[in-house]
Amino acid sequence: MNDELLIGLVSISDRASSGVYEDKGIPALQEWFGASLTSPWRMETRLIPDEQAKIEQTLIELCDSAGCHLVLTTGGTGPALRDVTPEATLAVAHKVMPGFGEQMRQISLAFVPTAILSRQVGVIRGKSLILNLPGQPKAIKETLEGARNADGTQRVPGIFAAVPYCLDLIGGPYVETDEAVVKAFRPKSAIRQAK
């Protein structure tokens with residue numbers, strides 16, 4: 001059994017995909033996973049415009065053809081007319097996981113009042129977990145890790161703490177993290193002993 005986590009990273013931006021400015025979402029995620037995962041992983045990346053049909057097609061391809069266990073999107077979750085990432089994500093979903101969107105907004109509210117304008121969703125398609133993340137690198141990191149108090153203690157848990165166990169439940173690889181960055185939470189019965 002292959003225990004390598006395959007992550008699909010999709011940056012959704014009209015301007016970045018047309019070369020108007022440099023995409024910052026994918027590099028921020030690559031850096032974050034490099035620091036936080038201690039088990040094997042690799043990634044597939046896509047940079048696409050804010051077009052619902054293209055987003056749906058990309059998500060389906062990453063889940064069904066490439067076999068990604070985890071697909072993260074950045075961008076396109078606000079109220080603007082071109083923001084259609086949540087609609088595309090829900091259109092390809094087999095199960096909706098509302099707790100992810102609720103927690104992402106809760107985390108962001110610790111930093112900005114405009115967090116309530118975000119429409120991020122989390123869904124499952126087959127054996128893949130798809131999560132819509134914010135577009136800004138700082139907000140991506142905060143969403144994944146959570147909010148901390150001045151003394152370093154956690155004030156609001158990040159969403160990634162629940163991702164490894166979710167992947168266990170849908171048939172993905174066993175993912176381990178560097179607890180200094182983010183501690184994966186599993187019930188005691190689901191924790192594997194070190195070999």
Side-chain angles (χ1 to χ4, degrees), residues 1-13 16-17 22-48 54-77 85-86 88-89 92-97 99-101 103-104 107 120-146 157-186 192:
M1 181 173 150
N2 187 356
D3 258 1
E4 183 177 59
L5 175 66
L6 180 54
I7 307 168
L9 301 180
V10 185
S11 184
I12 300 161
S13 166
S17 66
E22 187 184 355
D23 170 61
K24 295 196 170 25
I26 290 173
L29 281 164
Q30 288 172 322
E31 184 181 328
W32 190 83
F33 281 111
S36 61
L37 295 184
T38 59
S39 51
W41 64 282
R42 62 187 173 90
M43 59 183 49
E44 288 272 335
T45 61
R46 305 285 186 275
L47 179 56
I48 59 174
K54 180 68 177 168
I55 300 166
E56 289 177 25
Q57 174 192 346
T58 302
L59 294 176
I60 291 169
E61 182 241 325
L62 287 171
C63 294
D64 300 5
S65 302
C68 291
H69 307 105
L70 176 63
V71 177
L72 302 175
T73 68
T74 69
T77 59
T85 303
T89 305
V92 304
H94 295 146
K95 291 181 181 173
V96 178
M97 302 293 287
F100 282 106
Q103 185 64 10
M104 285 190 264
I107 294 162
Q120 297 148 310
V121 298
V123 306
I124 290 170
R125 177 180 175 86
K127 290 187 171 190
S128 305
L129 174 62
I130 306 172
L131 301 173
N132 300 155
L133 296 178
Q136 296 304 315
K138 180 179 177 287
I140 290 170
K141 183 176 171 16
E142 291 163 354
T143 299
L144 293 169
E145 288 179 28
I159 62 161
F160 201 81
V163 169
Y165 185 52
C166 183
L167 295 175
D168 293 350
L169 294 172
I170 62 174
Y174 191 83
V175 175
E176 296 180 88
T177 62
D178 179 343
E179 295 188 7
V181 181
V182 64
K183 181 177 178 3
F185 180 84
R186 288 180 169 93
R192 282 191 198 167

[atom1]/[X] to [atom2]/[Y] distance, rounded to the nearest 0.5 angstrom?
| X | Y | atom1 | atom2 | answer |
| --- | --- | --- | --- | --- |
| Ile7 | Met43 | CD1 | CE | 5.0 Å |
| Glu4 | Ser39 | CD | OG | 10.0 Å |
| Leu5 | Leu167 | CG | CG | 6.5 Å |
| Ile48 | Ile12 | CD1 | CD1 | 4.5 Å |

Hey, is the main chain of [Y] close enough, under 3.5 Å, to the side chain of [X] for a donor-acceptor pair?
| X | Y | answer |
| --- | --- | --- |
| His69 | Gly172 | no |
| Thr85 | Gly76 | yes |
| Gln103 | Pro157 | yes |
| His94 | Gly126 | yes |

**Report entry** Partners meeting ring pair (Phe, Tyr, Trp, His ring centres under 6.0 Å) with Phe160 (sequence neighbours left out)
**Finding:** Trp32, Phe33
Looking at side-chain heavy atoms only, is the closest gap between [X] and [Y] below 4.5 Å?
| X | Y | value |
| --- | --- | --- |
| Thr38 | Thr177 | no |
| Ile130 | Val121 | no |
| Leu9 | Glu44 | no |

Query raised in the report: Quick one: do the Asp23 and Ser11 side chains pair a donor with an acceptor below 3.5 Å?
Result: yes
Query - Stepwise side-chain contact (heavy atoms from CB on, under 4.5 Å) test for Val10 and Leu72 - result: CA-CA 6 Å; Val10 185; Leu72 302 175; over 6 Å; no
Shortest non-hydrogen contact from [X] to [Y]?
| X | Y | answer |
| --- | --- | --- |
| Val71 | Cys63 | CG2-SG, 4.0 Å |
| Val182 | Leu144 | CG2-O, 4.0 Å |
| Phe100 | Gly122 | CB-CA, 4.2 Å |
| Ala88 | Ile55 | CB-CG2, 3.4 Å |

Going by the rule side-chain hydrogen bond (donor to acceptor under 3.5 Å, both in side chains), which residues pair with [X] if we only count those two or more places apart in sequence or in a different chain?
| X | answer |
| --- | --- |
| Lys127 | none |
| Lys141 | Glu145 |
| Arg125 | Asp64 |
| Ser36 | none |

Report task. Could you list the residues that satisfy salt bridge (Lys or Arg N to Asp or Glu O under 4.0 Å) with Glu61, not counting sequence neighbours? Result -> Arg46
Report task. Just jot down the salt bridge (Lys or Arg N to Asp or Glu O under 4.0 Å) partners of Glu142, sequence neighbours excluded, or say none. Result -> Lys138
**Report entry** Contact list for residues 169-181, test salt bridge (charged side-chain N to carboxylate O under 4.0 Å, His left out), sequence neighbours left out
**Finding:** Glu179-Lys183
Query - salt bridge (charged side-chain N to carboxylate O under 4.0 Å, His left out) contacts in which one or both residues fall within residues 159-171, not counting sequence neighbours - result: Asp168-Arg186
[X]: side-chain contact (heavy atoms from CB on, under 4.5 Å) partners, not counting sequence neighbours:
| X | result |
| --- | --- |
| Leu169 | Tyr165 |
| Thr143 | Met104, Ser108, Leu133, Pro134, Ile159 |
| Pro137 | Lys24, Ala28 |

Query raised in the report: Passes side-chain contact (heavy atoms from CB on, under 4.5 Å), Thr74 versus Ile26? Steps please.
Result: CA-CA 8 Å; Thr74 69; Ile26 290 173; 5.6 Å; no
Query raised in the report: Around atom CD of Glu31, are there more than 12 heavy atoms of other residues, nucleotides or ligands at under 6.0 Å?
Result: no
Requested in this report: Any chance you could lay out the side-chain contact (heavy atoms from CB on, under 4.5 Å) test for Val175 and Leu70, step after step, and finish with the verdict?
Outcome: CA-CA 11 Å; Val175 175; Leu70 176 63; over 6 Å; no
Requested in this report: In sequence, state the C-alpha distance, the side-chain angles, and the governing distance for Thr73 and Thr58, and then conclude on side-chain contact (heavy atoms from CB on, under 4.5 Å).
Outcome: CA-CA 10 Å; Thr73 68; Thr58 302; over 6 Å; no
